[in-house]
Amino acid sequence: MAKRNKSALKAHRQNVVRRARNRDMRSALRTGLKAIRAALTAGKIDDAKKLLTAATSLVDKMAGKGIIHKNTAGRYKSRIAAKLKPKTA
C-alpha cells in the first residue's frame, strides 16, 4: 500500500474501489453466461433465447467499460448465437 504522499494514497483508494466494481461486474457477466449455458444444456431453447438479449447487452456493456476485451465480447456472443441456431443438415 502507498504510504508516502497524498496522491499515492488517493490512487490506492481509487484502485480498491475500481477493483471491487470490476469484480462485481465480471461476476454478473459470468452468471449471465452461465444461465444461458444451463438453459441450453437443459434443452430450454425458448428460455435461452430470452436470456440471449440480456446477455448480449451485458457483454457489450462490459466490453465498453473495458472489463473484457472487445474481441472476447464478440467471441462470447458468437458462440452463444451459434449454439442457439437450429442445426440444418
Side-chain angles (χ1 to χ4, degrees):
M1 183 178 144
K3 297 179 182 178
R4 296 277 165 130
N5 54 20
K6 289 172 74 173
S7 63
L9 290 170
K10 181 178 178 181
H12 177 70
R13 287 194 308 268
Q14 289 174 328
N15 286 334
V16 169
V17 170
R18 288 176 184 151
R19 185 169 55 242
R21 186 180 302 132
N22 289 344
R23 185 176 54 234
D24 291 342
M25 285 195 247
R26 197 175 297 116
S27 176
L29 173 66
R30 289 178 180 150
T31 303
L33 294 174
K34 192 185 296 184
I36 290 182
R37 291 185 192 118
L40 285 172
T41 56
K44 299 178 182 177
I45 302 298
D46 295 333
D47 292 342
K49 286 183 181 179
K50 290 177 185 174
L51 291 170
L52 177 65
T53 55
T56 301
S57 173
L58 194 59
V59 167
D60 287 336
K61 284 179 188 174
M62 297 304 118
K65 293 178 186 300
I67 307 295
I68 59 173
H69 194 271
K70 63 177 184 149
N71 291 352
T72 304
R75 186 173 64 243
Y76 284 160
K77 293 188 297 185
S78 175
R79 286 180 181 172
I80 291 171
K83 288 180 182 178
L84 281 174
K85 188 176 179 181
K87 297 193 181 351
T88 56

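Values in this document were obtained by computation on a predicted structure and should not be read as measured data. All residue numbers in this chain count up from 1 along the given sequence.
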Without placing hydrogens or testing angles, list every side-chain donor-acceptor pair under 3.5 Å for residues 41-59, not counting sequence neighbours.
from	atom 1	to	atom 2	distance (Å)
Thr41	OG1	Arg37	O	3.2
Thr41	OG1	Ala38	O	2.9
Thr53	OG1	Lys50	O	3.2
Thr56	OG1	Leu52	O	2.7

Distance (rounded to the nearest 0.5 Å) between [X] [atom1] and [Y] [atom2]:
X	Y	atom1	atom2	answer
Tyr76	Arg30	OH	CZ	7.0 Å
Leu84	Ile36	CG	CD1	7.0 Å
His12	Ser7	NE2	OG	13.5 Å

Partner set under side-chain hydrogen bond (donor to acceptor under 3.5 Å, both in side chains) for Asp60, not counting sequence neighbours: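 Listed in chain order: Lys77.
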Arg79 CZ: over 12 foreign heavy atoms closer than 6.0 Å: no
Sub-4.5 Å side-chain heavy-atom contact between Arg18 and Gln14: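 Yes, close enough: below the 4.5 Å cut-off.
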Min side-chain heavy-atom separation Leu29-Ile67 under 4.5 Å: no
Heavy-atom donor-acceptor pair, Thr31 side chain to Ser27 backbone, under 3.5 Å: yes
